[in-house]
Amino acid sequence: MARHFAPSAQKNKIKIQLPSFRVPELPKLFKREKIHYKPKRYQRTFSVQEMFLVIAATLLFMAGILLPVPRAVSVLIYALAAILAFLPRIFQILQDALSRKLPEEDLLVLLGVIGGFCIGEEVGSAIAAILYRLAQVFESYAVARADAAFDLMRDKLPEKAKLLIGDKTTEVMPETVDPGQIIRVGIGEIVPLDGTIVSGVTELDLSILTGNSTVRTCGVGDQVFSGSVNHGAVIDVQVTKPFSESAAASLLHDVQVAARYETTQERLVDRICVWFAPAVGTLALLLALVPSLITGQWLPNLRRAVIFLLTASPSALMISVSLSCLGGEMSGIFNGILSKGHDCLEILAQTKTMVFGKTGTITGGRFEITGVFPNGCGTEDLLAIAAAAESYSHHPIAQLLKLAANWTPDIAESVMEVEEIPGRGVSAFIEGRHVYVGNAYLLQEHGIRYTVPSRAGSAIHVAVENRYWGHILVTDKTREGAFDALEELRSQGVQQLVMLTGDVLSASRPLASSLGFDLLRTELTPDAKVSAIRYLISGKGKGSSVGFVGDGINDVPMLEAADVGLALDALHSWDEADAADILLLDRDIDKLPAAMRIARGMRLILWENLGILSAVKCLILILALFGAISIPTAAFLGTLSTALAMINSLRSFGLK
Ligand code: ADP
Ligand code: MG
């Protein structure tokens with residue numbers, strides 16, 4: 001795919017043509033006010049008063065059991081205890097009953113409790129009422145803990161920015177700072193907006209974003225990200241992005257949006273919740289009426305119906321599943337892994353085929369020049385013109401050439417009509433001369449003869465005005481820890497590791513075989529890589545998915561084509577990495593198995609909760625059907641399973 005640029009057109013305009021694939025922008029939700037995480041349909045907040053009411057109800061109930069009073073009085077005490085426990089809900093239940101068609105779970109449970117009192121099971125009913133409310137307090141507490149995790153994130157957002165006007169600074173809200181303005185960041189302060197350092201050299205701690213305590217030395221011209229902490233000296237930063245698009249704010253925004261993309265389990269439980277309470281309520285009614293009318297024996301059947309009503313609440317199911325998903329998401333954030341939907345983590349957990357780009361992903365972009373072979377020009381000239389043509393490219397090869405040729409930003413001014421051809425190289429006009437810098441395919445496609453290099457490595461050929469100027473041989477090194485990361489992926493269930501690269505076979509094969517890749521395809525354009533990914537997807541088994549790991553540079557179509565796209569070191573290719581589903585914000589490749597561990601951990605906790613809760617509920621219902629369980633035992637089992645599921649859900653906040 002070569003896009004030839006007409007030299008006469010738009011002489012003085014710089015045109016950078018990046019791949020035309022863009023993801024549609026997600027609606028920006030970001031708000032600065034306090035955010036509360038609430039599973040849908042669950043609007044209760046944890047309050048100490050409710051807790052006290054439940055404790056008071058328990059004490060009253062104990063008094064009823066221990067005090068030697070006549071039965072009528074003790075029944076009254078039990079009834080009071082049940083009312084005390086249910087007090088905060090009764091008003092809501094009445095309101096719900098008046099305005100909604102379907103009976104809510106609270107109403108059904110309350111009916112169950114009242115029914116229990118009517119059939120003389122006052123002790124069991126009081127216990128059931130207290131335990132049910134205790135379970136709800138557990139649930140609200142777990143939700144409050146989730147809220148606290150959100151607050152922790154929000155607190156990391158800087159509250160103010162010091163705007164520099166002349167040589168004075170004024171404190172303003174970061175939202176009011178426009179790109180282009182200069183802000184000052186003092187020692188110990190959080191960088192409020194993304195930008196470029198224009199004065200000062202300092203050490204920045206990126207741990208809020210990356211999850212690792214990585215301190216980087218940055219100087220004039222270096223990019224800085226909001227959310228990093230300035231440990232070194234005072235710096236002035238020219239803002240490049242508005243606050244809402246800066247790293248820290250985007251992160252928070254993405255976490256909020258992530259909850260909208262649900263996992264299979266969340267969708268399943270959503271559906272169950274709609275019909276569970278009404279269905280159990282109807283069953284209870286049938287159970288109370290039909291056999292009793294046939295046999296004439298009312299008491300045992302009414303007892304069964306009461307147990308059904310007491311078990312009718314699916315809220316523990318819903319809350320535990322939402323909390324586990326949120327926990328997975330937040331654990332990711334704390335480890336520098338941002339997933340753009342709960343479902344992304346779910347898909348990652350079931351990835352059986354993982355596809356990698358080579359350059360910048362497996363090799364970490366640490367290139368070395370191993371030889372410069374000019375063809376009729378000077379070595380310096382060859383490097384200089386190649387670097388100039390690469391002025392606007394973020395590709396690792398471009399960075400290397402610029403470093404080797406002592407490239408400075410003012411050189412870019414003489415470079416025009418730049419076209420970056422993914423998987424091939426660049427085409428540009430430098431002082432009116434048409435320059436190609438890229439691999440052999442680029443020159444072949446334009447009918448330019450070139451010398452086939454005799455030494456190993458990737459050759460970057462240079463042609464000026466359709467005349468061959470020579471080539472530069474580069475080799476890249478494997479990212480540190482790549483072998484271990486890939487091995488760990490395998491141990492986590494990834495069965496096939498695939499490398500798709502635009503580079504030549506001779507340079508890629510040693511790397512692929514030393515890292516144990518199962519499949520290697522070389523000399524691919526981005527289009528061919530997309531086709532390869534589609535092919536892998538078409539052959540994948542049921543319940544498995546195909547992931548793609550790239551560095552974000554020229555990777556957008558692949559990130560979009562795969563079931564789940566992961567961008568490594570996404571902070572440094574923030575705009576391109578937007579196409580990815582999961583952003584790994586640090587440079588280290590070990591974030592990849594970490595993301596997999598979190599995704600799999602989350603999935604396990606989800607299934608455990610679903611398992612515990614549905615098994616216990618089914619068990620209670622079946623036992624009740626055969627009259628083999630008493631009301632207090634049923635209530636106790638129900639509450640125990642809720643408590644277990646809540647504790648288990650909170651575990652997902654500490655995944656690593
Ligand atoms: P990978 O698939 O391994 O990530 P890329 O698709 O990024 O590799 O690049 C493949 C090949 O295309 C490189 O090895 C290089 O030869 C050539 N290439 C791509 N971009 C550039 C560029 N900006 N400058 C020079 N060569 C490039
Ligand atoms: Mg690449």
Side-chain angles (χ1 to χ4, degrees), residues 1-2 16-19 355-367 369 382-383 385-405 407 415 418-428 435-445 450 453 456-463 471-479 482 498-509 511-512 515 517 520-530 532-533 548-559 565-570 572-573 576-577 579-580:
M1 183 192 50
I16 307 169
Q17 198 136 341
L18 288 170
V355 183
F356 292 80
K358 180 180 78 76
T359 321
T361 309
I362 289 297
T363 56
R366 265 190 285 120
F367 278 94
I369 294 183
L382 183 66
L383 276 173
I385 203 150
E390 299 274 17
S391 288
Y392 294 98
S393 173
H394 296 297
H395 198 278
I397 292 180
Q399 316 281 37
L400 171 82
L401 292 178
K402 284 190 266 190
L403 200 69
W407 177 90
V415 186
V418 184
E419 191 187 3
E420 177 140 21
I421 308 152
R424 294 286 185 259
V426 291
S427 147
V435 181
Y436 286 116
V437 179
N439 53 21
Y441 280 96
L442 184 69
L443 299 207
Q444 274 170 24
E445 277 157 359
Y450 61 92
S458 314
I460 306 303
H461 298 276
V462 181
H471 62 263
I472 301 154
L473 269 188
V474 298
T475 53
D476 46 355
K477 286 208 188 94
T478 314
R479 231 179 235 271
V498 182
M499 185 190 280
L500 301 178
T501 172
D503 208 352
V504 289
L505 183 67
S506 61
S508 319
R509 189 154 57 187
L511 204 90
L515 291 173
F517 273 89
L520 166 70
R521 287 272 176 281
T522 54
E523 296 170 38
L524 300 176
T525 59
D527 284 348
K529 289 184 197 170
V530 169
I533 290 173
F548 175 81
V549 188
D551 60 343
I553 309 285
N554 296 342
D555 280 343
V556 175
M558 286 76 81
L559 287 171
L566 297 100
L568 263 183
D569 200 6
H572 289 90
S573 52
E576 292 93 338

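Counting starts at 1 for both ligands and their atoms, in listed order. What you see is a predicted model, and the numbers here were worked out from it, not measured in a lab.
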Proximal atoms of ligand 1 relative to [X] (non-hydrogen, under 4.0 Å):
X	result
Ser393	23 (N)
Lys358	1 (P), 3 (O), 4 (O)
Glu420	23 (N)
Leu500	2 (O)
Asp503	10 (C), 14 (O)

Query raised in the report: What do the steps show when you test Ile362 against Met499 for side-chain contact (heavy atoms from CB on, under 4.5 Å), and what is the final call?
Result: CA-CA 9 Å; Ile362 289 297; Met499 185 190 280; 4.3 Å; yes
Please write down residue, atom name and distance for the protein heavy atom closest to [atom].
atom	value
atom 17 (C) of ligand 1	Arg424 O, 3.4 Å
atom 27 (C) of ligand 1	Gly425 CA, 3.5 Å
atom 8 (O) of ligand 1	Thr359 OG1, 3.1 Å
atom 9 (O) of ligand 1	His395 NE2, 3.5 Å
atom 24 (N) of ligand 1	Glu390 OE2, 2.4 Å
atom 6 (O) of ligand 1	Lys529 NZ, 3.2 Å
atom 16 (O) of ligand 1	Asn439 CB, 3.3 Å
atom 15 (C) of ligand 1	Ile397 CD1, 3.6 Å

Quick one: are [X] and [Y] in side-chain contact, heavy atoms under 4.5 Å?
X	Y	result
Val418	Ser391	no
Phe548	Asp555	yes
Val504	Asn439	no
Arg479	Leu568	yes
Asn554	Thr359	no
Leu511	Thr501	no
His395	Pro422	no
Leu520	Ser508	yes

**Report entry** Winner among Gly550, Pro526, Gly438 once heavy atoms are compared against atom 26 (N) of ligand 1
**Finding:** Gly438
Under 4.0 angstrom from ligand 1, any heavy atom of [X]?
X	result
Thr361	no
Gly423	yes
Ser458	no
Pro422	no

Query raised in the report: Do ligand 1 and Thr501 have nitrogen or oxygen atoms that lie under 3.5 Å from each other?
Result: yes
Report summary line: What one should report as the nearest heavy-atom pair of Ala386 and Val437 is CA-CG2, 3.8 Å
Report task. Please list, chain by chain and in numerical order, all residues satisfying ring pair (Phe, Tyr, Trp, His ring centres under 6.0 Å) with Tyr441, sequence neighbours excluded. Result -> none
Report summary line: Contact region, Ile553 to ligand 1, non-hydrogen atoms below 4.0 Å, reads neither
Report task. Just jot down the side chain to side chain contact (heavy atoms under 4.5 Å, CB included) partners of Ala405, sequence neighbours excluded, or say none. Result -> Leu383, Ala387
